[in-house]
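The next block holds one structure in the form of structure tokens; read it before the comments.
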Amino acid sequence: VNLEVLVMSHMNFEPELPESISELKKLRTLCMERCKLGDMQRVGKLTNLLVLSLRGSFVKKLPNDIGELSKLRLLDLNDCTFSKVPPIPASVLRRLENLEGLYLLNTKGLGSIVEKKIDDDDSGKSENEDIKLSRLKAFEIKVSEIKQMPVDGRSLQNVDKFIVRIGKDINLDINLSLTNVLKCYWRALHVCRALYMCDYVIVTEELEKNGLGVLLNKADLLSIISPEYCENLVPQLNREGFRDLKCLLIEESTLTCIVK
């Protein structure tokens, strides 16, 4: 079979994917969007896969076999719902060294992707400290806490496009529905590097440690809602300033000064 692209949607693959899918050795793009997906181990046999999209699907978890996809360039899990924890083992991300696009926006059940290791030495080392996706160019994610970021600053150095939302109540539609004029303005600016932070205690050292310092340097849209303990915005967020920032949204803030 010489099939290179397979797109399926609104299908039920429970309790497991059909055995025949592992025979598609030349497959380069596999999209199973808005599907119900059971055991996905057979996807690990598709070693020529470049693109894997499960957007909007109900997924139990990604098996360790996904780590065998060493050629994978794009992994799209936007709007997915995972039922098992952790949804994506750190060992899987660690092996996808050629990944250029990672999409985890509005992914339900994502919270425990990066849990603290419980080691004998109690080092407190985070699972994501060993995940180095140096080829990453596009990144989208929504997490409730910064420590849930699956990659660190080293993996974000070459990112050109990103949407990162941090906070429990962040909703892009609400944030950008202030006025129709603002939405049109946002599109006109061709914003492609957006960072949203809600109910966040702003500590410069923590931002830099978890990779957000890299994103703050690149952001062209920054939205801050109810920041805690933030009096002087620029030095607390980014000591170097915001050279690429085009749009700044501030809501429910006790901010006294943007630049002091």
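Residues take their numbers from the sequence shown, with the count starting at 1.
Cluster partners of Phe58 are absent, since no Ile, Leu, Val, Met, Phe, Trp or Tyr has side-chain heavy atoms less than 4.5 Å from it. Cluster partners of Val7, using a side-chain heavy-atom cutoff of under 4.5 Å among ILVMFWY residues and allowing indirect links, are Val5.
For Asp220 (side chain) and Leu245 (main-chain N/O), no donor-acceptor pair under 3.5 Å exists by modelled atom type. Lys218 places a side-chain N or O within 3.5 Å of a backbone atom of Gln157 that can act as its donor or acceptor partner.
Within the 4.5 Å cutoff, the side chain of Thr81 has no heavy atoms near those of the Val59 side chain. Inter-residue side-chain proximity for Leu74 and Leu99 is flagged as unmet; no heavy-atom pair is nearer than 4.5 Å. Considering only heavy atoms from C-beta on, Arg165 stays 4.5 Å or farther from Met197 through its side chain. Side-chain contact between Leu105 and Ile163 is present, with at least one heavy-atom pair separated by less than 4.5 Å. For the pair Leu62/Leu54, a side-chain contact is recorded, criterion being any heavy-atom separation below 4.5 Å from C-beta on.
Within the structure, the salt bridge (charged side-chain N to carboxylate O under 4.0 Å, His left out) test picks out the following pairs touching residues 34-59 (sequence neighbours left out): Glu16-Arg42, Arg55-Asp76.
With rounding to the nearest 0.5 angstrom, the CG atom of Leu133 is 9.0 Å from the CG atom of Leu156. Rounding to the nearest 0.5 angstrom, the gap separating the CE atom in Met8 from the CG atom in Leu37 is 8.5 Å.
Between the side chains of Asn2 and Lys26, at least one donor N or O sits under 3.5 Å from an acceptor N or O. In summary, the side chains of Arg28 and Asn48 do not present any donor paired with an acceptor at a separation below 3.5 Å, with no hydrogens or angles considered.
Hydrophobic clustering (ILVMFWY, side-chain heavy atoms < 4.5 Å, transitive): Leu6 and Val51 are in distinct clusters. Leu96 is not connected to Tyr103 by any chain of hydrophobic side-chain contacts under 4.5 Å among Ile, Leu, Val, Met, Phe, Trp and Tyr, and they are in different clusters.
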TODO: Start with the C-alpha distance between Met149 and Val164, add both sets of side-chain angles, then the distance that settles side-chain contact (heavy atoms from CB on, under 4.5 Å), and finish with yes or no.
DONE: CA-CA 10 Å; Met149 290 277 284; Val164 174; 4.3 Å; yes
